[in-house]
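Residue numbering restarts at 1 for every chain, and letters A, B, ... go by the order of the sequence lines.
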Amino acid sequence: MAEGFYDFHAVEEKWQAYWDEKGTYRVDEDDPRPAFYDLCMYPYPSGPIHMGHVRNYTLGDVICRYRTMNGFKVLSPMGWDSFGLPAENAAIKEGIHPGVITRQRIEVMKQQIRRLGAAYDWRREVSCCEPEYYRWTQYLFLRLYDAGLAYKAMAPVNWCPSCQTVLANEQAEGGVCERCGSAVEKRDLEQWFFKITDYADQLLDDVEALDWPERVKVMQRNWIGRSHGVEFDIPIAGRDDLGPIRVFTTRIDTVFGMTYVVLAPEHPLVAELVRGTGQEREVTEFVDRVRLESEIDRLSTEGELDKRGVDTGAKAVNPFNGAEVPIYLADYVLAGYGTGAIMAVPGEDQRDYDFAVCYELPVIRTTRRPDSWTEPIYAGPGTKVNSGFLDGMDVDEAKEAATAWLVERGAGEAKVNYRLRDWLISRQRYWGCPIPIVYCDQCGTVPVPAEDLPVRLPDDVEFLPTGESPLRSHEGFLNTTCPSCDGPATRETDTMDTFVDSSWYFLRYCDAGNETAPFDPEKVGHWMPVDQYIGGIEHAILHLMYARFFMKALADLGLAPNDLREPFARLFTQGMIRMGGTKMSKSKGNLVSPAEFFDSHGADALRLFHLFVGPPTEDVDWSDQGVDGASRYLNRLWRLATGEVGTVVDRDETDADREITRGRHALVGKFTDDYERWTYNTAIAAAMEFTNELYRYAQSADGARRETLDDAVDHLLLVLAPMAPHMTAELWERRRGGHIHEEPWPAFDADMAAAETVTMVVQVNGKVRDRIDVAADVSEDEMRAAALASDRVQEQLGGRKPKKVIVVPPKLVNVVG
RNA sequence: GCCCGGGUGAUGGAACGGCAGACAUGACGGACUCAAAAUCCGUUGCCCGCAAGGGCGUGUGGGUUCGAAUCCCACCCCGGGCACCA
């Protein structure tokens, strides 16, 4: 390799070793610098890293290094989301323990992440599949259990009758078991839940103050889905033995338009309602059919409305006017939301209308609609009609009056409902955190005492394609003694959803080595909340919602500081890397491996490409040529900074030199702005422009003035240091000595950055007709005079007097003629 | 269906009401070279013109403004999220 050529292999290795050994990015509580917590979502260790990781960690690293230069101690940790299904499936396929596979993959990934040059405090590394970590996941489960926030209940699950196991929704796509192809059924099984619904209001209200992308906030709000309404009783005609049907509505003002009532097929009153009636057979058949259908089938039957409901033959009595209306079952009413029963108002609800048309049920409209309205249903504001004592009121008044009417009679009350359900955490799987519970014939459900944790996953298990968790047949794991009575007991064999592990890993980073507690609340208070969280938009709902719930619950339990209610103050969601228009993925076979580029172009070139290709929020298409371009630029910078370009002379400062100094002040100003705005692509463009200018400067007949060029190049290196850390460190050391990443962020002088002369644009009727160089501090009058003196302007005016002259100092004059 | 994004050269993108296309990629031409690579220089939105210059141009149509890629209204197309939530 020729002397003077940028040998990125050697340079990158050298500096990676230096940062490791010197511990440049290790930070502690007693460091007096202000704290900044910079976090990238920890990866699932799938083996080699992909371009999405590169983009994510490059952004995180740029923040880390930039904030460090700005005087912060930046906590930037890394770890592994190492429990989960893919490793267990690989274990079944290859006959290797998932722990072995996972640990190997972590090593590969860690090596590659290191080659990216990202600065992590590796002392804080966590891996949630290790007992040192999951012990504390179990501990937190127990604390939630003690607080009544973890409970066991029956829940409908996807069940494969052939594999004899529960399937996650994504394993039951299309209503078919992904392993054996059998039709998946709904089954009711005892499952563990976290009571996230207790926090629904807080989770919703606290979204407002977060510095998060608006679309993520919208998704969180929709997911929680708070709706205010009324719950009330509708008696069943002639069936005093059955008690009323309780319904929920957000439109109690439309109650006089109720022309039928609908129960969910799973509603508890159904069996009694039809027993011994002529409708019994038809209703039972309907209920059985719906029960066997998966959620997916239920949704896909859209369009065949006539098969999706059935008349029970029974009648309900509208408490407001005594009208008798039929009671139907329909699968569009969900058992799990509200009361599982609705009053149907086909005049003011689209689904009710569609159903009513199909089953020839009457439509009563209760809101006067605008004259121009032609749609069959109207749900807007207006005056009530056909509504008894509500007539003449507007919608809001009617809601209030109808609610008061119900409350007076003890027949109903205002009620808030949520779309959010409790978090089902049970997984019938091996490779997850065991739920620390035992079942004793004498004592029932007994939590494992904290001092007995961790409940370890046994290593001596066989991974067979039976579909059943190996924990269920592992005698040594299954059989234990009751912590309460010492009698024989069996362990819970379900493990926790991996989202539980990721709901607190950012707290463990604050105190990763703690052997007596999950973390010290004081240390957590020192670093938290995360100042900048960076990750993919795919976690916009689940992970971010669960982690927020954990933070609030742990603060309430005294495990974390009480005022720490939100874990992530600022969130940045990066766009995807695509290849030829589609997402890069193994299954599509369009993966581009970052590792190849470490070898062929170097980490700095790969990082620079990712930053230059476009705004980091946007999806981007991968381009090999783009990396070539980034690499070309770095080589250009290398030649400039190693003195291979042009001639350098010693002389007194000339105008040309001063223009270069002005340029470097402007450059620093541009970078300072762009780092704050995350517009790295335009910052890099400015660096390229300035580099091109320095080339012309050094190659000009007069040559470059030594101090001026050195100062300009040094500043170019400083501003690029967070983006291309290896090359800038190497050049800085050669030119200046010392470590560039310990230099302070360069100051700039806005006055120095301002140009002395600017090019003023002269428009006639909004079209550019001339350009005139003027002093930067030119007055409005001078600009107007210069513009009107322009031959081109006079030509365009053709002797007419201008009607008006708009002057925008010092950029533009618009002559309106 | 509802809710977000987004439509700018051959391509990625730039332009936070004021020069549309910065910077880069690609392509073409040239220099250097025995040759190639690397590097360097030049051209590169469309149309008319020898040129000076002129006209057109940011998905479509309208509007606001001295001035619109940018703001407003309507529509078309693409991407994403949610979807019987009463």
Problem set entry | Rounded distance (Å) that lies between atom P of B:rC82 and atom CD1 of A:I541 | 5 Å
Problem set entry | Most 5' of A:R792 and A:R677 on RNA chain B, judged by nearest nucleotide | A:R677
For this session: Can you tell me, in whole Å, how much space there is between the P of B:rG7 and that of B:rC71?
Result: 11 Å
For this session: Sticking with atom C1', work out how far B:rG6 lies from B:rG42, rounded to a whole angstrom.
Result: 36 Å
What does [X] touch in the nucleic acid at a heavy-atom separation under 4.0 angstrom: a base, only the sugar-phosphate, or nothing?
X      : value
A:R419 : base
A:R226 : nothing
A:G225 : nothing
A:Y633 : nothing
A:D352 : nothing
A:E618 : nothing
A:N681 : sugar-phosphate
A:R632 : sugar-phosphate
A:T249 : sugar-phosphate
A:T339 : nothing
A:V761 : base

For this session: Would you kindly say whether A:Y378 and A:T367 are connected by a side-chain donor-acceptor distance under 3.5 Å?
Result: no
Problem set entry | Distance-only polar pair, side chains of A:D773 and A:T757, donor-acceptor under 3.5 Å | no
For this session: Salt-bridge test for A:R246 and A:E231: reply yes if a basic N is under 4.0 Å from a carboxylate O, no otherwise.
Result: yes
For this session: Would you kindly check if the NZ (Lys) or CZ (Arg) of A:R636 is within the cone defined by 45 degrees around the ring axis of A:Y695 and under 6.0 Å from the six-membered ring centre?
Result: yes
Problem set entry | A:E400, CD atom: more than 12 neighbouring heavy atoms under 6.0 Å | no
